[in-house]
**Q** 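Got a structure here, written out as structure tokens. Questions coming.
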Amino acid sequence: MNSDDRNDENELKKYQNHEFRVSLPSEMIDRSKYSIWSILKQCVDKELYRFTIPIVWNEPLSMLQRLAENMKYSNELLDKAAEMTSAIERMKYVSAFLVSSTSIHNGRLSKPFNPLLGETYEFISPEKNYRICCEQVSHHPPISAYYSESTLSSKTSPKWKYYGSVLPHMKLNILNASVEAIPEGIQTVELPENEEVYTWHNFKVNAHNLVIGKLWFEHTGKTEIINHKLKIKCVLEYKPYSWFVRHMSRCEGYILDSNDNKVALLYGRWDECLFCTNNVKSPSDFHKRVEKILAMDEIDYEKIRKDKNYSDLELLWKANGQDKAYENFFNFTQFTFKLNELHSQLRERVVLDDENKISIGPLPATDSRYRPDMRLYEKGQIDEASNEKHRLEEKQREVQRKTESGELEHWKPLWFEKCLHHTAPKEETWIFNNTYWNRNYEKCPDIF
Ligand SMILES: CC(C)CCC[C@@H](C)[C@H]1CC[C@H]2[C@@H]3CC=C4C[C@@H](O)CC[C@]4(C)[C@H]3CC[C@]12C
């Protein structure tokens, strides 16, 4: 072993043992003086991304980092999906993964920073069992693409892949003072060992009470997860809050086999837990029994497992109750704090993992963690952050002008390519070209 190897080993240990920060450098400021409505109401019939919303309504993360957050329960649920021997069971865990990814955004009443064109973000889980790479591939309209994979492999390919793109259309509803964000774009999970491809579209998000009262967000709508190989489907619905029923965040659904027969029922809360039963005879009885569980002050999952009234119930997913949200820190959790931390191993050098497969750092200059405006905002330097944000947007506009006048070549994303989806008919998507992890950043643009 030469000294370089030893150094690598030490660096890797440092990465693995790195104690991530447990809060942000500064608490968020009081927003009550900044009316968001006075700005939003000018945006009727226009796409909201064309308007500058005061920076105090932002959270110190970019949309790319928000997408990386969807990974929080991936090793629990996608690993499990990949391990199941029955396709119906696999579908259950892919569905639970979608629900778990919604839970992460609960209570996050701020707008993430709009990524600059060419901005990237990578996150390798500290346990090193998955990695994700995101890129802002279009500016107007804003499109963020992401690709993630398990770094555990089954034979030669990763155990699972999860990728897609998001274009958040924001629509304003003047009458009830709400904003609706409709994410366009197809999301895919692949389980290579079973040669299965699952796709779906994300739920929309409604922001209520923008004028008076307490701002709150709600995910609603219906979606279908399709296993294209076996034609198995899961239909999932997030119910809007209704004053009459007074139920929040309810999520219900069912799984259909290839002959369109219901083979399983799902019910739960997208911010808390998801239950399932194979007894499809009486959905209303199933819903009632789960409602009883949800009504408990503190759900005792251990007790439920042993209770014979619930013997047919399967708990597919529950939120990690220990990871509490910090109200003074934009409702971030401990997991969220990690996302924008720029620790030395990410900055300085290449570190290889035990099998010399995964290199950790250095980051390209386009990584969201290097965004100066977000860094200032995180420290509570609001005015400086706002000026920097303005400077970056101006810089981006200048490049755009030069592109339009032909002075500069048209920008092509570096790590993703737009094409037709290989499995879902007629859908356009962005596919990862698998070159990012070679860490050759020569072509990275200067955006910050
Ligand atoms: C008026 C202001 C405060 C409105 C802010 C709207 C914000 C909260 C909206 C706009 C776009 C939305 C995002 C659109 C798409 C996705 C992808 C999905 O997989 C998880 C939710 C997520 C990440 C949404 C989270 C909430 C979101 C960021």
Side-chain angles (χ1 to χ4, degrees), residues 28 31-32 34-44 46-74 94-95 97-115 121 132 134 136 141-148 162-174 176-189 199-211 213-221 223 225 236 238 249 251 270-271 330-332 336 339 368 430:
M28 65 192 284
R31 287 171 175 169
S32 51
Y34 303 85
S35 158
I36 196 169
W37 187 247
S38 56
I39 293 158
L40 289 179
K41 67 177 188 229
Q42 309 163 21
C43 316
V44 191
K46 299 194 185 87
E47 286 283 359
L48 222 54
Y49 57 76
R50 293 186 187 272
F51 290 81
T52 311
I53 290 173
I55 200 164
V56 294
W57 284 96
N58 278 91
E59 61 178 15
L61 282 184
S62 91
M63 183 64 185
L64 302 180
Q65 292 167 307
R66 272 300 272 276
L67 291 176
E69 254 189 298
N70 282 350
M71 305 301 295
K72 186 169 176 185
Y73 295 96
S74 61
V94 173
S95 315
F97 173 67
L98 169 56
V99 176
S100 80
S101 72
T102 313
S103 72
I104 291 140
H105 307 280
N106 189 31
R108 295 280 288 280
L109 307 175
S110 319
K111 191 181 162 293
F113 280 70
N114 207 354
Y121 182 70
I132 177 165
C134 316
Q136 190 70 1
I143 303 177
S144 315
Y146 66 94
Y147 172 84
S148 68
Y162 163 52
Y163 54 87
S165 64
V166 174
L167 188 186
H169 284 288
M170 303 235 263
K171 277 204 309 205
L172 183 77
N173 188 329
I174 279 278
N176 57 13
S178 70
V179 165
E180 194 176 62
I182 306 166
E184 191 180 297
I186 183 164
Q187 320 300 317
T188 307
V189 162
T199 63
W200 69 85
H201 291 89
N202 279 333
F203 291 94
K204 58 182 191 218
V205 184
N206 287 312
H208 297 283
N209 287 353
L210 290 165
V211 181
K214 204 167 151 51
L215 182 68
W216 64 286
F217 286 5
E218 177 179 50
H219 298 252
T220 59
T223 197
I225 305 172
L236 264 186
Y238 289 179
S249 340
C251 158
W270 51 255
D271 56 355
F330 307 90
N331 265 330
F332 283 9
T336 324
L339 296 172
S368 304
W430 289 84

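Counting starts at 1 for both ligands and their atoms, following the listed order.
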**Q** Can you check which of H105, Q187, E69, E59 brings a heavy atom nearest to atom 21 (C) of ligand 1?
**A** H105
**Q** Near P112, which atoms of ligand 1 are under 4.0 Å from a heavy atom of that residue?
**A** 28 (C)
**Q** Which residue owns the protein heavy atom closest to atom 3 (C) of ligand 1, what's the atom, and how far is it?
**A** I36 CD1, 3.8 Å
**Q** Which one of N58, N202, N206 has a non-hydrogen atom at the shortest distance from atom 17 (C) of ligand 1?
**A** N202
**Q** Below 4.0 Å, non-hydrogen atoms only: which portion of N70 touches ligand 1? Side chain, backbone, both or neither.
**A** side chain
**Q** Out of R108, E184, M63, whose heavy atom is nearest to atom 13 (C) of ligand 1?
**A** M63
**Q** Considering heavy atoms of the protein only, find what lies nearest to atom 25 (C) of ligand 1 and give residue, atom and distance to 0.1 Å.
**A** R66 NH2, 3.5 Å
**Q** Taking a cutoff of less than 4.0 Å between a non-hydrogen atom of the residue and any ligand atom, is V179 in contact with ligand 1?
**A** no
**Q** Would you say N173's side chain and V179's backbone share a donor-acceptor pair under 3.5 angstrom?
**A** no
**Q** Output the list of atoms in ligand 1 that are nearer than 4.0 Å to some heavy atom of V166, sorted by atom number.
**A** 15 (C)
**Q** Identify the heavy atoms of N206 and E180 that sit nearest to each other, and give their distance.
**A** OD1-CG, 3.0 Å
**Q** Applying a heavy-atom cut-off of 4.0 Å, say which part of M170 lies close to ligand 1: side chain, backbone, both or neither.
**A** side chain
**Q** Taking atom 12 (C) of ligand 1 as the point of reference, which of A181, S178, G164 owns the nearest heavy atom?
**A** A181
**Q** Search all heavy atoms of F113 against all heavy atoms of P60 and return the closest pair with its distance.
**A** CE1-CA, 4.1 Å
**Q** Can you check whether G185's main-chain N or O pairs, donor with acceptor, with Q187's side chain at less than 3.5 Å?
**A** yes
**Q** State which residue, out of S368, P115, P142, fulfils the side chain to side chain contact (heavy atoms under 4.5 Å, CB included) condition with M63.
**A** P115
**Q** What about the rings of F97 and Y162, do their centers lie closer together than 6.0 Å?
**A** yes
**Q** Among all protein heavy atoms in this structure, tell me which lies nearest to atom 24 (C) of ligand 1, with the distance rounded to 0.1 Å.
**A** V205 CG2, 4.1 Å
**Q** Report the residues that fulfil side-chain contact (heavy atoms from CB on, under 4.5 Å) with H219, sequence neighbours left out, ordered by chain and then residue number.
**A** T102, H105, V205, Y238, W270
**Q** Taking all non-hydrogen atoms of both residues, which atom of R108 and which atom of N331 are closest, and how far apart?
**A** CD-O, 3.5 Å
**Q** Does even one non-hydrogen atom of F217 get within less than 4.0 Å of ligand 1?
**A** yes
**Q** With a 4.5 Å cut-off on side-chain heavy atoms, are F203 and P183 touching?
**A** no
**Q** Any idea which of P142, S110, A207, S101 brings a heavy atom closest to atom 7 (C) of ligand 1?
**A** S110
